[in-house]
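In what follows, a structure is listed as structure tokens, so that the remarks can point back to it.
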Amino acid sequence: MEFETKNLEVKKFIPEYINIMYQTWGTDRDVGKYMPGFRVDWDIEGFKDYIIRTYKDEYHTRAIIKEKSSNRIIGNISLYQEDSRSKSVTIWLIKECWNKGYGKEVLKYIVKELKKTDLGSIYATCDARNLGAKTILEKCEFELIDSIPNYREDIDGNIGDELLYEIELKKVQY
């Protein structure tokens, strides 16, 4: 997965990016607050393991996000093949790039490109307390389809609801 938007460049993930990812957001409490499995106390080796586990997974596609104006890595994208007709998407951005429209910009492009494939849907989940993720998903026309009460634990041990969003790419005929 490689593409460019107005402000961003998305590049295929390679393991050489891990050190930069670790330095920019790898131990940032605010970035990782609602990410399952995220820890603020890991060292570079623990972070590498966290990233590499999905990098080597044949069902995952991972990419990094670069800001064109600064040429720095500002985030990460993960697409996971749920089944033959759907994928789930996760996007992380460093704090300095929150509220700039970058999440929406990259997600809209992903949706546009995946509409050209045979996929039926894209899914995304988020903690109900993650207002930024909810806003991006809703601005990109994802529909809230389910909520699981008291399902997600944040890095502070607080429990919140998990929200499941979907955007249909193709109408399925039964």
Side-chain angles (χ1 to χ4, degrees), residues 1-28 30-36 38 47 50-83 85-127 129-145 163-171:
M1 166 179 30
E2 294 195 340
F3 60 87
E4 286 190 39
T5 65
K6 178 182 175 189
N7 298 297
L8 306 169
E9 193 176 341
V10 173
K11 296 282 202 185
K12 181 180 178 190
F13 171 82
I14 55 174
E16 287 77 10
Y17 290 132
I18 292 175
N19 286 336
I20 296 167
M21 293 163 66
Y22 178 75
Q23 292 167 11
T24 56
W25 62 268
T27 58
D28 189 310
D30 293 330
V31 172
K33 183 168 180 94
Y34 301 114
M35 291 166 46
F38 189 89
F47 183 77
Y50 177 74
I51 299 298
I52 290 294
R53 265 183 280 142
T54 59
Y55 171 68
K56 291 184 176 181
D57 183 336
E58 67 182 294
Y59 298 104
H60 263 94
T61 301
R62 188 177 283 281
I64 55 100
I65 305 168
K66 289 178 86 175
E67 184 180 45
K68 285 182 180 178
S69 63
S70 67
N71 200 35
R72 67 183 173 146
I73 294 175
I74 61 161
N76 185 47
I77 301 167
S78 177
L79 282 172
Y80 180 75
Q81 188 76 40
E82 294 286 343
D83 55 39
R85 68 171 295 275
S86 65
K87 289 186 184 258
S88 61
V89 62
T90 306
I91 298 172
W92 300 272
L93 292 172
I94 62 173
K95 273 190 300 200
E96 296 83 41
C97 292
W98 292 358
N99 300 311
K100 290 186 174 187
Y102 289 171
K104 178 181 151 190
E105 186 175 324
V106 76
L107 187 55
K108 279 193 173 278
Y109 189 91
I110 290 169
V111 169
K112 181 181 91 169
E113 289 303 304
L114 290 178
K115 280 184 177 183
K116 297 174 185 176
T117 70
D118 289 335
L119 282 180
S121 298
I122 306 172
Y123 294 99
T125 62
C126 71
D127 190 295
R129 299 164 291 178
N130 188 341
L131 300 179
K134 287 172 33 176
T135 300
I136 290 167
L137 291 166
E138 290 164 6
K139 284 184 175 182
C140 290
E141 301 179 10
F142 278 69
E143 178 183 345
L144 178 62
I145 60 169
L163 304 178
L164 175 61
Y165 287 86
E166 176 186 31
I167 187 167
E168 286 188 9
L169 304 176
K170 294 188 184 327
K171 295 288 184 193

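Values below: all heavy atoms of this structure, side chains included; hydrogens, waters and symmetry mates excluded.
Counting heavy atoms of neighbouring residues, nucleotides and ligands inside a 6.0 Å radius, atom CG of Asp30 exceeds 12 of them. Within 6.0 Å of the CD atom in Glu141, the count of heavy atoms belonging to other residues, nucleotides or ligands does not exceed 12. Within 6.0 Å of NZ in Lys108 there are more than 12 heavy atoms belonging to other residues, nucleotides or ligands.
Rounding to the nearest 0.5 angstrom, the gap separating the CG atom in Leu114 from the CD1 atom in Ile122 is 4.5 Å. Of the inter-residue distances, the one linking Leu119 atom CG with Glu82 atom CD reads 11.0 Å to the nearest 0.5 angstrom. Summarising the geometry, atom NZ belonging to Lys95 is positioned 12.0 Å from atom OG1 belonging to Thr24; distances are rounded to the nearest 0.5 Å. Note that CG of Asp127 is 9.0 Å distant from NZ of Lys33, once rounded to the nearest 0.5 Å. To the nearest 0.5 Å, atom OH of residue Tyr80 and atom NZ of residue Lys87 are 11.0 Å apart.
With hydrogens and angles left out, the side-chain atoms of Asn7 and Glu105 include a donor and acceptor closer than 3.5 Å.
The side-chain contact (heavy atoms from CB on, under 4.5 Å) with Phe13 is formed by just one residue from the set Ile77, Ile18, Thr61; it is Ile18.
Heavy atoms only, all atoms of each residue included: Cys126 and Tyr165 are closest at SG-CE1, 3.9 Å.
Between Trp25 and Phe47, the distance separating the two ring centers is shorter than 6.0 angstrom. Two rings, from Tyr109 and Phe3, have their centers less than 6.0 Å apart.
Ion pairing of Arg85 with Asp118 is absent here, as no side-chain N (NZ or NE/NH1/NH2) approaches a carboxylate O to less than 4.0 Å. Using a cutoff of 4.0 Å between basic side-chain nitrogens and carboxylate oxygens, Lys68 and Glu9 are not scored as salt-bridged.
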